[in-house]
Amino acid sequence: MDLDKSYFEAMEAKIPKGKVRTRFAPSPTGYMHVGNLRTALYTWLIARHAGGTFILRIEDTDQSRQVEGATEVIYRTLAECRLDHDEGPDLGGPVAPYIQSQRRDTYGKYAHLLVEKGHAYYCFCEKTESEEDSGQFGRADDPCRDLDPAAARARVEAGEPYVVRQRIPKEGTTTFHDAIFGDITVENSTLDDQVLLKRDGLPTYNFANVIDDHLMGITHVVRGSEYLSSAPKYDLLYQAFGWEVPTYVHCSPVMRDAQNKMSKRHGDPSYEDLRDQGYLTEAILNYVALLGWSPRGELAEREVFSLEDLAQAFDLGGMSKSPAIFDIDKLTHFNALYLRAMSPEDFARAAEPYIRQAVKNPAIDAAQVTALLQARCEKLTEIPEKVDFFEALPDYGVELFTNKKSKTDPEVSKAMLQAAIPMLESLGEWSQDSIHDGLVALAESLGVKNATLMWPVRIAAAGKAVTPGGAVEICRILGREETLRRIRLGLDKLA
RNA sequence: GGCCCGGUGGUCAAGCGGCUAAGACACCGCCCUUUCACGGCGGUAACACGGGUUCGAUUCCCGUCCGGGUCACCA
């Protein structure tokens with residue numbers, strides 16, 4: 001083993017100091033689920049709130065689980081969500097490389113260093129079945145633990161396969177601190193001599209994490225609470241190296257229901273799935289931020305936060321210890337809020353493609369349609385089905401002409417439509433106001449309520465019971481000719 | 001099963017020894033109205049249970065129950 005002191009000194013020298021540094025460290029699975037996104041968001045928020053540095057690190061130490069195009073999904077998602085990183089595989093940085101598979105030598109060196117220090121040992125056992133039959137204790141009494149160091153080193157140098165295991169004290173307790181869970185103390189006897197360096201020379205997740213977080217100068221380690229129980233072993237590792245322990249921030253999981261986490265396996269949506277379902281990135285981030293974190297003090301009642309607002313308001317004290325169930329209805333509500341908050345121009349730009357998906361006829365003015373839609377849709381993807389009647393009159397039944405509230409039935413409707421035709425034909429200009437005034441005046445002269453006339457006109461014009469906009473808007477958009485054609489068609493049905 | 005963590009309405013949650021226990025989503029009414037929405041107003045609905053500590057517990061402690069996590073040469 002060459003334990004070149006200067007190597008470690010050089011590594012230490014590169015570590016940036018004095019600023020908050022956080023890292024999002026996904027393993028490339030090709031799927032960015034909501035829990036992942038939330039972890040990335042919180043990690044980013046901690047950095048930005050403090051004016052610190054946000055780092056992207058790819059954890060690909062599992063040779064058997066590589067997924068094609070997986071890192072692209074990560075880059076894409078972070079970029080779309082505007083969770084920009086300052087250092088990473090693509091950008092480089094002072095502590096490059098940022099891909100674990102490219103840091104292999106480093107882990108090996110530190111593993112051997114730890115053996116040298118006596119806090120780890122070489123293990124030549126085939127597999128770890130001994131844990132099974134060691135009774136009460138989850139930990140094996142690994143025979144290699146007490147091998148003579150010199151003898152063990154000789155076997156390693158002779159090329160015998162080995163793993164490096166952490167030497168956990170048999171006695172005593174270890175207490176570690178988490179920013180949201182507080183102090184947690186465990187008996188060392190419940191901790192096992194975990195593998196640090198695998199037989200293939202690559203580090204385990206736990207080891208690589210500690211090494212990288214230290215060497216990259218990470219000050220806040222944000223991760224899922226499933227790592228809570230391995231955290232004491234991390235502290236022991238930091239102690240063994242004589243390193244400063246970073247602040248741990250363990251996040252409770254995002255659940256699909258009371259007992260299951262969100263997962264790809266269950267078909268739960270990833271960020272990109274949600275986006276494809278018509279959810280706005282800002283709405284997703286806003287909602288996800290509030291799943292497990294809530295503002296406190298005077299902000300306690302506020303729910304709408306832009307990314308910038310979040311960066312300013314975010315604090316670890318507002319984080320929840322218990323799991324949160326993902327509620328698509330509430331996300332939908334946020335989406336509707338964001339849709340309505342858009343300027344009419346922005347909304348029109350976003351909505352037009354969806355309108356054109358259903359309405360090809362260039363005579364239909366998409367801009368006029370979007371104006372009707374803004375207060376009426378929760379997701380952009382529901383637009384096509386709402387506006388398809390502009391393209392083609394649906395085949396509808398006469399029962400639609402019956403509405404008890406506006407006192408209309410087929411008989412009344414027939415009279416209304418018959419009266420409407422000459423009026424609409426003689427209208428000077430075809431505008432919102434002229435149609436509206438004409439119809440209202442007609443209702444008055446006929447001695448009926450506006451609704452009694454409007455209902456059949458709208459039904460005849462649209463061919464469906466529920467429409468965005470009323471009779472006037474629909475007629476205006478359809479144009480005089482098409483409106484009259486549809487009303488005559490309605491009359492045919494009523495004949 | 002051992003160890004660790006958690007437990008306020010269906011959901012997200014505020015609360016951090018004294019409150020008629022916020023707010024939001026969903027749901028249900030009413031108003032507005034040219035259908036549906038939007039908007040406005042109102043309503044149903046919660047401190048898991050049992051012991052302590054205390055003048056006083058949702059809040060602090062213990063136990064029970066329930067839920068989650070973890071016990072890999074996966075992350």
Side-chain angles (χ1 to χ4, degrees), chain A residues 25-27 29 59-62 64-65 123 125-128 131 136-139 161-165 178 181-182 184-187 189-192 194-200 202-206 208-209 223-232 250 252-253 255 257-261 287 290-297 300-304 317-318 320-334 336 340 372-378 386 400 403 405-406 436 439-440 443 449-455 457-459 462 464-474:
Chain A
S27 63
T29 61
E59 309 221 331
D60 59 344
T61 55
D62 184 355
S64 65
R65 284 217 306 207
C123 169
C125 298
E126 272 302 310
K127 276 285 172 188
T128 56
E131 273 92 338
Q136 292 270 57
F137 296 78
R139 169 153 69 113
Y162 67 94
V163 300
V164 174
R165 284 181 183 277
D178 180 88
F181 286 96
I184 295 176
T185 301
V186 297
E187 298 282 339
S189 60
T190 64
L191 271 19
D192 66 331
Q194 66 174 340
V195 169
L196 267 20
L197 205 61
K198 297 182 275 191
R199 192 164 294 237
D200 61 8
L202 284 168
T204 55
Y205 166 83
N206 288 326
N209 242 266
R223 32 145 51 166
S225 63
E226 65 265 32
Y227 301 117
L228 209 47
S229 42
S230 50
H250 284 97
S252 284
M255 312 287 284
D257 56 45
Q259 32 266 87
N260 302 98
K261 288 212 295 185
Y287 172 63
L290 261 20
L291 253 192
W293 174 80
S294 66
R296 315 205 293 166
E301 295 203 4
R302 180 163 164 197
E303 280 206 315
V304 178
S320 171
K321 293 179 182 175
S322 37
I325 299 173
F326 181 83
D327 181 10
I328 195 79
D329 285 341
K330 183 117 188 196
L331 203 213
T332 303
H333 168 255
F334 273 104
R340 274 180 250 132
L372 299 179
L373 251 19
Q374 193 162 7
R376 282 174 242 256
C377 63
E378 301 187 297
K386 285 186 190 295
L400 287 190
N403 179 283
K405 213 179 153 196
S406 62
H436 174 268
L439 249 14
V440 169
K449 291 174 53 170
N450 288 345
T452 308
L453 172 63
M454 299 290 189
W455 179 275
V457 170
R458 187 178 62 85
I459 294 300
K464 57 203 285 193
V466 176
T467 56
V472 177
E473 289 80 10
I474 292 169

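Nothing here was measured: the structure is a model prediction, and the numbers come from that model. Chain A is the first sequence line, chain B the second, and so forth, proteins listed ahead of strands; every chain is numbered from 1.
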task: State which of B:C36, B:C3, B:C25 makes the closest approach to the side chain of A:Val186.
output: B:C3
Mate of B:U20 where both pairing distances stay under 3.5 Å, Watson-Crick or G-U: none
- prompt: Any donor-acceptor pair under 3.5 Å joining the side chain of A:Lys330 to the base of B:A26?
  reply: no
- prompt: Do the rings of A:Phe334 and A:Tyr287 sit parallel, tilted or perpendicular, given the 30° and 60° boundaries?
  reply: tilted
query: Which part of the nucleic acid, if any, lies within contact of A:Tyr287, taking any heavy atom under 4.0 Å across all strands shown: a base, the sugar-phosphate backbone alone, or nothing?
result: nothing
- prompt: Which listed nucleotide (B:U34, B:G69, B:G15) is nearest to the side chain of A:Ala471?
  reply: B:U34
- line: Quick note, A:Met454 side chain, CB onward, closest among B:U34, B:G7, B:U11 is B:U34
message: Considering every strand and a 4.0 Å limit on heavy-atom distances, what is the contact class for A:Arg302: base, sugar-phosphate, or nothing?
response: nothing
- prompt: Which is true for A:Val457 with a 4.0 Å heavy-atom rule: it touches a base, it touches only sugar-phosphate, or it touches nothing?
  reply: nothing
task: Would you classify A:His436 as touching base, sugar-phosphate or nothing, given that sugar-phosphate means primed atoms plus P, OP1 and OP2, and contacts are heavy atoms under 4.0 Å?
output: base
message: Between A:Arg296 and A:Gly317 (side chain of the first, backbone of the second, donor and acceptor by atom type, cut-off under 3.5 Å), is there such a pair?
response: yes
- prompt: Nearest-Å distance, CD (A:Glu187) to P (B:C71)?
  reply: 19 Å
field: Which nucleotide in B:G23, B:U35, B:A14 has an atom nearest any side-chain atom of A:Glu301
entry: B:G23
query: How would you label the contact of A:Thr467 with the nucleic acid (heavy atoms, under 4.0 Å): base, sugar-phosphate, or nothing?
result: base
query: Applying a 3.5 Å limit to both distances, which nucleotide forms a Watson-Crick or G-U wobble pair with B:G42?
result: B:C28
- request: Could you tell me whether the side chain of A:Arg458 has a donor or acceptor atom within less than 3.5 Å of a complementary atom in the base of B:U35?
  value: yes
message: Looking at A:Ser252, I'd like to know whether one of its side-chain N or O atoms comes within less than 4.0 Å of OP1 or OP2 on B:G6.
response: no
statement: Re B:G67: Watson-Crick or G-U wobble partner, both distances kept under 3.5 Å, found to be B:C5
- prompt: Closest to the A:Lys261 side chain: B:G69, B:A13, B:U34?
  reply: B:G69
- prompt: For A:Thr185 and A:Asn450, take the nucleotide of RNA chain B holding the closest heavy atom to each; which residue's nucleotide lies nearer the 5' end?
  reply: A:Thr185
- request: Using a heavy-atom cut-off of under 4.0 Å over every strand shown, decide if A:Val163 touches base, sugar-phosphate, or nothing.
  value: base
- prompt: Heavy atoms under 4.0 Å, any strand shown: does A:Lys405 hit a base, just sugar-phosphate, or nothing?
  reply: base
- request: With a 3.5 angstrom cut-off on both distances, give the Watson-Crick or G-U wobble partner of B:G50, or none if there isn't one.
  value: B:C62
message: Let's test your reading of the model: under 3.5 Å, does the base of B:C38 pair with the side chain of A:Arg340 as donor and acceptor?
response: no
task: Identify whether any heavy atom of A:Ala465 sits under 4.0 Å from a base atom; if not, whether one sits that close to sugar-phosphate; answer base, sugar-phosphate or nothing.
output: base
A:His436 NE2 to A:Glu473 CD distance, which is reported to the nearest 0.5 Å: 8.5 Å
- prompt: Below 4.0 angstrom from OP1 or OP2 of B:G6, is there any side-chain N or O of A:Lys321?
  reply: yes
message: So if I take every side-chain heavy atom of A:Trp455 and compare against B:U35, B:U34, B:A75, which nucleotide ends up nearest?
response: B:U35
message: If you assign A:Gly292 and A:Phe334 each to the RNA chain B nucleotide with the nearest heavy atom, which residue ends up on the more 5' nucleotide?
response: A:Gly292
